[in-house]
Amino acid sequence: MVTETEKEMERRAYARVGLLGNPSDVYGGRAVSFAVAGLWATVRLRPSVDLLVQPHPRHDLVAFPSLHALVDRLDGGGYYGGVRLLLAICRIFHNHCKDNGIALEDKNFTLSYDTNIPRQAGLSGSSAIVCAALSCLVDFYGVRDRIRVEVRPNLILNAEKELGIVAGLQDRVAQVYGGLVYMDFSQEHMDKLGHGIYTPLDINLLPPLFLIYAENPSDSGKVHSSVRQRWLDGDEFIISSMKEVAQLAYDGHNVLLQKNYTELAKLMNRNFDLRRKMFGDDALGELNIKMVEVARSVGAASKFTGSGGAVVALCPDGDAQAELLKSACQEAGFVVEQIEVAPSALTKEELASLSSHP
């Protein structure tokens, strides 16, 4: 009889939208984020004699018709495909199990991946690949119950850190948990528990929301700028602004519970305005700012989904305003889509385990 761990499996992780609080997750803050149903990465694992990580036919090209084609490809997509992400999470998973006395059966597999998450759109496409791969690994080796849900985002982030990717835990929490999540990354929790406090929320608390992005992003800005160093140096403006951004997520959690979408719109706008003051227009990028301004031109609230590349918008005045938003975005050359929120990715057992931990 073939067991679950001996069969081919496919796991999926979704793009995420940071609704409130980003980028304070990197600074001991708070966030409200959710997973997007229509955009995902899938990783497929099948048992095999040798361990093989397969390159993607489009994202990991190594054969080109000409030198010119090679350069065009690198100019548009850089040197980064998904193979390095899969290699990194394999290493992190192995080392975590070794360090924590989790025995892994001696067997091999072949990993492959695919994704429909737009590149450079601030939707956490890279971490979605890593998250889906980790889900394959814990199931293939039968150790899902040995690696706590709260710890998995740390493993995903550690894999990306290995590759020099600068990021926070927010995206990885949203992708591990799925659905809508309120997160508290206070230093007290991080020091005591090794992770934040993550609270899944009912996705029906959300109003209709829209995703705006450019199909061919050319100006992503230098998103991390000097803010991190200024924060480390004790810059009072950066520290107080980050605290206010974190407070927006705290307030937003309560506003969502009340379904007060007029107030939610104000919090979203304030979130972007604070980011703009801290980072400056050069760091944010002209195209990214234009997406926000196009949405605001019809009275919609708008902010980055992450560090730039895509925007989440809320139309507090309803359907007529949403139609204006669609027209304005199309006229400006942006893609605009109503967001479908992905449901929780956790099993009943995993959800029950959350309440049994502090």
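Every heavy atom of this structure was used, including side-chain atoms; hydrogens, water molecules and symmetry mates were not.
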Distance under 6.0 Å and angle within 45° of the ring axis: does Arg275 meet both against Phe279? yes
Could you tell me if the side chain of Asp145 sits less than 4.5 Å from the side chain of Glu349, heavy atoms only? no
Donor-acceptor contacts under 3.5 Å from residues 319-326 side chains, at least two apart:
residue, atom, partner, partner atom, Å
Gln321, OE1, Asp317, N, 2.8
Gln321, NE2, Val298, O, 3.0
Gln321, NE2, Gly299, O, 3.1
Glu323, OE2, Lys326, NZ, 3.4

Name each donor-acceptor pair under 3.5 Å that joins a side chain in residues 335-342 to protein atoms two or more places apart or in another chain, with its distance.
residue, atom, partner, partner atom, Å
Glu337, OE2, Tyr213, OH, 3.4

From Leu20 atom CG to Met268 atom CE, the distance as rounded to the nearest 0.5 Å: 7.0 Å
Under the salt bridge (Lys or Arg N to Asp or Glu O under 4.0 Å) rule, collect the residues that match up with Arg46, sequence neighbours excluded. none
Would you call Glu293 and Arg276 a salt bridge, taking side-chain N to carboxylate O under 4.0 Å as the test? yes
Can you list everything that forms a side-chain contact (heavy atoms from CB on, under 4.5 Å) with Lys98? Sequence neighbours excluded, please. His94
Would you please name every residue forming a side-chain contact (heavy atoms from CB on, under 4.5 Å) with Arg91, sequence neighbours left out? Asn95, Glu162
Looking at Arg152 and Glu350, does any basic side-chain N land under 4.0 Å from a carboxylate oxygen? yes
Basic-acidic side-chain contact under 4.0 Å: Asp233, Arg228: no
Under a single-linkage definition using a 4.5 Å side-chain heavy-atom cutoff for Ile, Leu, Val, Met, Phe, Trp and Tyr, are Leu111 and Leu52 assigned to the same hydrophobic cluster? no
is_close_aromatic(Phe93, Phe140), centroid dist under 6.0 Å: no
How are the rings of Trp231 and Tyr27 set to each other: parallel, tilted or perpendicular (split at 30° and 60°)? perpendicular
Measure from the side-chain N and O atoms of Asn271 to the backbone N and O of Leu267, and report whether any donor-acceptor pair falls under 3.5 Å. no
Do you know which two heavy atoms are closest between Thr305 and Arg16, and how far apart they sit? O-NH1, 3.1 Å
So, using side-chain contact (heavy atoms from CB on, under 4.5 Å) as the criterion, who are the partners of Arg44 when residues are at least two apart? Glu8, Glu10, Ser112
If I compare all heavy atoms of His195 with all of Asn154, which pair ends up nearest, and what's the gap? CB-OD1, 4.1 Å
Side chain to side chain contact (heavy atoms under 4.5 Å, CB included) partner of Ser302, the single match among Val292, Val312, Val294: Val292
NE2 of His253 to CG of Leu19, rounded to nearest 0.5 Å, is 12.0 Å
